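Taking it in order: structure first as structure tokens, then the write-up.
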Amino acid sequence: MSNFYERVYENVKKIPKGRVATYGTIAAMCGNPRASRSVGAALHRNPSPGVVPCHRVVFTNGTLAKNYAFGGSSAQKELLKSEGISFLRDGRVDIKKNVWLPWIS
DNA sequence: GGACTGACACTGG
DNA sequence: ACCAGTGCCAGTC
């Protein structure tokens with residue numbers, strides 16, 4: 001059951017389109033800002049395709065997960081670009097402009 | 001109940 | 001600005 005994981009999925013679902021959130025943020029929403037690791041594990045375990053936009057979850061530095069469960073960071077990057085997310089020349093997300101703050105939304 | 005693992009985050013060099 | 005090491009949490013074996 002893992003109530004914690006379900007909570008993570010719910011939080012990720014709340015991420016608005018065209019915006020990204022960091023693992024730390026999701027963990028904070030879940031109640032444990034330090035559980036960022038468990039958040040990533042949850043997404044990799046049960047991505048719930050079409051239900052949980054796991055592609056909107058990125059690192060605090062704007063980098064993408066190399067082991068993305070769907071098609072690698074490449075697919076994730078494309079998805080984000082489709083949502084209108086700005087990318088830097090380095091290939092990482094412009095976290096500075098696209099990061100979503102739940103308490104601000 | 002104990003130990004290992006993982007899509008992270010932070011600090012230091 | 002980049003790489004390496006350490007800490008945290010929850011889950012699974």
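Values below: every heavy atom of this structure, side chains too, minus hydrogens, waters and symmetry copies. Owing to the predicted nature of the structure, the values given are computational and were not obtained by experimental measurement. In what follows, chains are A, B, ... by sequence order, proteins preceding strands, each numbered from 1.
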In whole angstrom, what separates [X]'s [atom1] from [N]'s [atom2]?
| X | N | atom1 | atom2 | result |
| --- | --- | --- | --- | --- |
| A/H44 | C/dT12 | NE2 | C1' | 14 Å |
| A/Y5 | C/dA10 | OH | C1' | 6 Å |
| A/F59 | C/dC2 | CZ | P | 16 Å |
| A/M29 | C/dA10 | CE | P | 17 Å |
| A/N61 | B/dC10 | CG | P | 10 Å |
| A/R34 | B/dA9 | CZ | P | 11 Å |
| A/K77 | B/dA7 | NZ | C1' | 18 Å |
| A/Y9 | C/dG11 | OH | P | 10 Å |

Any side-chain N or O of A/R45 below 4.0 angstrom from OP1/OP2 of C/dT12?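 Answer is yes, contact under 4.0 Å.
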
Distance below 4.0 Å between A/S38 side-chain N/O and C/dG11 OP1 or OP2: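 False: A/S38 side-chain N/O out of range (4.0 Å or more) of C/dG11 OP1/OP2.
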
Which nucleotide in C/dG11, C/dA10, B/dA7 has an atom nearest any side-chain atom of A/C54: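 In terms of side-chain proximity for A/C54, the closest of C/dG11, C/dA10, B/dA7 is B/dA7.
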
Nucleotide nearest A/A69 (side chain, heavy atoms from C-beta), chosen from B/dA7, C/dC9, B/dA9: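 That would be B/dA7.
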
Within 6.0 Å of NZ in A/K97, more than 12 heavy atoms from elsewhere: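 No, the 6.0 Å shell around NZ holds no more than 12 heavy atoms from other groups.
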
Could you check whether [X] gets within reach of a base, just the sugar-phosphate, or nothing at all, counting any heavy atom under 4.0 Å?
| X | answer |
| --- | --- |
| A/A35 | sugar-phosphate |
| A/Y23 | base |
| A/F4 | sugar-phosphate |

Check against side-chain contact (heavy atoms from CB on, under 4.5 Å), A/S36 and A/I26: CA-CA 7 Å; A/S36 47; A/I26 301 299; over 6 Å; no

Could you check which nucleotide pairs with C/dC8 in any of the strands shown, counting Watson-Crick or G-U wobble with both distances under 3.5 Å?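 Its partner: none found.
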
For a salt bridge (charged side-chain N to carboxylate O under 4.0 Å, His left out) with A/E83, tell me which candidate from A/K77, A/R56, A/R19 qualifies.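 Passing option: A/R56.
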
Indicate yes or no: does A/E10 engage A/R7 in a salt bridge with an N to O separation below 4.0 Å.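 Result for this pair is no, no salt bridge flagged.
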
Measuring from A/R92:CZ to A/T63:OG1, what's the distance to the nearest 0.5 Å?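 If I round to the nearest 0.5 Å, the distance is 6.0 Å.
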
